[in-house]
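In the text below, chain A, chain B and the rest are named by the order of the sequence lines, each starting its count at 1.
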Amino acid sequence: MSDYPTYLEVLNPEQRQAVLHTGKPLLILAGAGSGKTRVITTKIAWFIRERGVDPRSILAVTFTNKAAREMATRARQIDERAGDAMLRTFHSFGAWFLRRNGSLAGLDSGFVIYDDDDVVSLLSTIMENSPKAEVKECAYNISRAKDYFFDPDDPQLIKIDTRKKFREIYARYEQRMAEIGNVDFGDLIKKPVEILRSQPEVARRFRERFSVIMVDEYQDANVAQFRLLKELCGAETYVCVVGDDDQSIYRFRGAEVKNILEFPDRFSGADIIRLERNYRSTAPILKAASSVVNCNNDRLGKTLRAEKGDGPLPVLAYLPDQEHEASFCAEKIEKSVKSEKAKWSDWAVLYRTNAQSLGFETLFLRRGIPYRVVGSLKFYEREEIKDALALLSFLINPRDEVAFRRVVNKPTRGVGPVTVDKIVEASANEGGDLLKTGYKMELAAKARSGLNEFFKVIENAQSLLDKADGAVAEPTAEPRSDEGSPPDNKVKKSGGKKGKTKKHEELVSGEGLSVCVTQIVKDSGIAEYHRTQDEVTANQRLNNLQELVNAASLYAQSREGLLEFLEHIELDRSIDDRANASADTSGDPENSVTLITFHNTKGLEFRRVIMTGLEQGVFPRDGKNGEEMEEERRLFYVGATRAMDELYLTSCAVRRMYGRTMPSNPSVFLREIDRSCLRITGEKSYGYGTGQRPPWEQNSDTSGATYSRYAQTSQRENDAEKKAGWRRGQRLFHDDHGYGAVMEVRDSEDGPIVRVRFDTGRETRFLSEHQGRAYEKMGDDV
DNA sequence: TAGTTTTAAGTTTTT
DNA sequence: CTTAAAACTA
């Protein structure tokens, strides 16, 4: 029928047209599930095979590491040589660029990337007396400013922050960052653009290097990223971007849908190809999703056809509360698996905020449903992990003020903030090197000896690295193209009996870089410090540190390897949290239910999807209107179009927030969905869609005013103590937990609640009238 | 200054 | 409810 080789034969005409397109810039408007990844990967392979393009001169940019990895895998399946193409996220490309060319912007190649928390820490040293919330807002605004490519002196800055002093703060921040020699996320895009603009020679080199540039998820590009693309494209460069305006969900991060709308203007002579055949979802699912996003005004508009045809209607379950919501999900999933209609991994539970995952996790754990939580960054936000990383960062860059502040006095060495301030200030004259300055400075005796202790740790670590550098001559000139997160099997589960407190094991080192890291972390006393804090959490913290150490074993034992390790952690935090995750519900992470935020689902697909929390205030979130409301609709669209076969929606009548139960209304999205493609289960008779609220909602509407969180005065606390027969400070003994003391006695609807902290660090609470018997009062108060 | 206790505050979404 | 910041004490 045709002369196309098989890998092209399998494409539909539009897809093939997109793959074979050359000569002019190309914009591919690709609806959800229309096979855009297939087009990009095929196009890469095609260029290599049919056009003799050197794989190394192909650059494909995505927004997530997950997407980059998937693209690499799939392209290689078509042609092995595609593995040599550069497939990266914008940010990792930026980092790669700056390691090589950063010196042109005064940047040492050993820079460390600051995450948002580090930025806030640095900023709070600049905005000394401001409350934390204000500092955070400022950090956010600086980040936005960089997304829009605004310098501190840019007049347009007022669009982001109208306060006069913002300009100053931004300028000071930039200056401090330059002195420290590190970069933030925004710099990874902005600085390369600046270099490319100011150094024509470099620009020429890069335009020569990359003859084909492709960008995925183009609707999520911000202004700075657009500029970077523009700078990389020379007259000869073939540029192709793929996107879908209906799936733009990162406005809050500076994404500009305008980029995609204006592409034909910015890249003159561009062709546009539309992919409107959806191969993923059934017709009713697609219709339901479209009917919501159709309510948006600001869109190009397109008609997606479901190639799959008919299927079961999406189901809306209207439920009383979160507990029912979780068990609804559990039952649906269990039933389908037991009847062998589906596997665990066919299912995904979607929610708006990460916090919502908790309810599902606890129930799934109890019912033995294997699950994995995608995304939540918990692991790297843990104190002990941040401590260890700060220590390692400081080894790489002794000018890193933020890292220094974090670890110098941990464990306590008598070096307080006053001393630290002094050192930082003095270091300004020494080129910012905190080590050098610290050695020379005159200090009070206590601070002196403490600082020396810390320096001893650093020295030992340095010589460890020096030795490693000498022994393993590993230049790692080119980054590995298959840079992925560590394969699961390599990270062995750390020891320790679950749940029970037992003697802590030492950190165990594996191979590679982990040898050094283990030694350094042990030396530093960080592990020891956390061990002394609280015995119960200490166990977990040690396990976490062990995880970190394990992850290091994949890197070379050298400074270079350490740098790579740190960079990888900053740029890709997606490795899931094994310490907490479904630890023992099942051994096989490949066969478990996915718990995930709507945002994180982009680019993924599942046979069966449950979208949860469809309530006003939750999804869409509070205070969304106008453009932001349109973004929420797009988010709904993204979520719904992940489903291949079956789609479920849940909405609760009441929801617990901040520990209080509040009535909630059904999401407006439920009203916007075309009624012909929705089946309502459960309490359908309660007037869904008529604006009338279901009965339990009306009854339980004792509404907010009566809940006063601060009602209990110390006087009332006294009453509670009398009623309970327990008072604060009372020592006690419990058969299972041992000795402890009463921390707090509080009144509740069910009677007085006594909170106990045991000497092991564990905390429990009990109702005095019911469970009081298990607690034996002991004589000596504290 | 270090460690503890009391009080306030908060939940988007992510590279 | 959980966590972070402020306030207090030794």
Item to check | side chain to side chain contact (heavy atoms under 4.5 Å, CB included) against A:A68, all qualifying residues, sequence neighbours excluded | outcome: A:T62
Item to check | Distance below 4.0 Å between A:T412 side-chain N/O and B:dT1 OP1 or OP2 | outcome: no
Item to check | Dot-bracket summary - DNA chain B, pairs being Watson-Crick or G-U whose distances fall under 3.5 Å, with | when paired to another strand | outcome: ||||||||||.....
Next on the checklist: I'd like to know if A:E323 pairs up with A:R656 as an ion pair, taking the criterion as any Lys NZ or Arg NE/NH1/NH2 lying under 4.0 Å from an Asp or Glu carboxylate oxygen.
Outcome noted: yes
Checklist entry - A:F360 vs A:Y351 aromatic rings, parallel, tilted or perpendicular, using cut-offs 30° and 60°? => result parallel
Between the protein and nucleotides 3-7 of chain C, which nitrogen or oxygen pairs come in under 3.5 angstrom?
residue: C:dA5; atom: OP1; partner: A:K132; partner atom: NZ; Å: 2.3

Checklist entry - So, is A:N354 close to the B:dT14 phosphate, meaning a side-chain N or O under 4.0 Å from OP1 or OP2? => result yes
Per-pair distances, 0.1 Å, donor-acceptor, side chain in residues 111-118 of chain A, under 3.5 Å, sequence neighbours excluded:
residue: A:Y114; atom: OH; partner: A:D400; partner atom: OD1; Å: 2.3
residue: A:D115; atom: OD1; partner: A:D117; partner atom: N; Å: 3.0
residue: A:D115; atom: OD1; partner: A:D118; partner atom: N; Å: 2.9
residue: A:D115; atom: OD2; partner: A:R573; partner atom: NH2; Å: 3.1
residue: A:D117; atom: OD2; partner: A:K386; partner atom: NZ; Å: 3.0
residue: A:D118; atom: OD2; partner: A:D115; partner atom: N; Å: 3.2

Checklist entry - Looking at B:dT13, does its base get a donor-acceptor pair with the side chain of A:R352 below 3.5 Å? => result yes
Item to check | Separation of the C1' atoms in C:dA6 and B:dT11, to the nearest angstrom | outcome: 22 Å
Next on the checklist: Taking the C1' atom in each of B:dT12 and C:dA5, what is the distance between them to the nearest angstrom?
Outcome noted: 22 Å
Checklist outcome for this item: Taken in chain and number order and not counting sequence neighbours, the residues that satisfy side chain to side chain contact (heavy atoms under 4.5 Å, CB included) with A:A289 are A:Y637, A:A640, A:T641
Next on the checklist: For a quick check of understanding: with a heavy-atom distance under 4.0 Å over all strands, which category does A:D116 fall into, base, sugar-phosphate or nothing?
Outcome noted: base
Checklist entry - Under 6.0 Å from the six-membered ring centre of A:F90 and within 45° of its axis: does the NZ or CZ of A:R88 meet both? => result no
Next on the checklist: If the cut-off is 4.0 Å, is A:N600 near the phosphate of B:dT14, judged by side-chain N/O to OP1 or OP2?
Outcome noted: yes
Checklist entry - Does OP1 or OP2 of B:dT15 have a side-chain N or O of A:S92 closer than 4.0 Å? => result no
Next on the checklist: Under 4.0 Å, heavy atoms only, any strand: does A:F252 hit a base, just the sugar-phosphate, or nothing?
Outcome noted: base
Checklist entry - Between A:N409 and B:dA2, is there a side-chain N or O to OP1/OP2 distance below 4.0 Å? => result yes
Next on the checklist: Under the rule for side chain to side chain contact (heavy atoms under 4.5 Å, CB included), what residues qualify as partners of A:E453, not counting sequence neighbours?
Outcome noted: A:R413
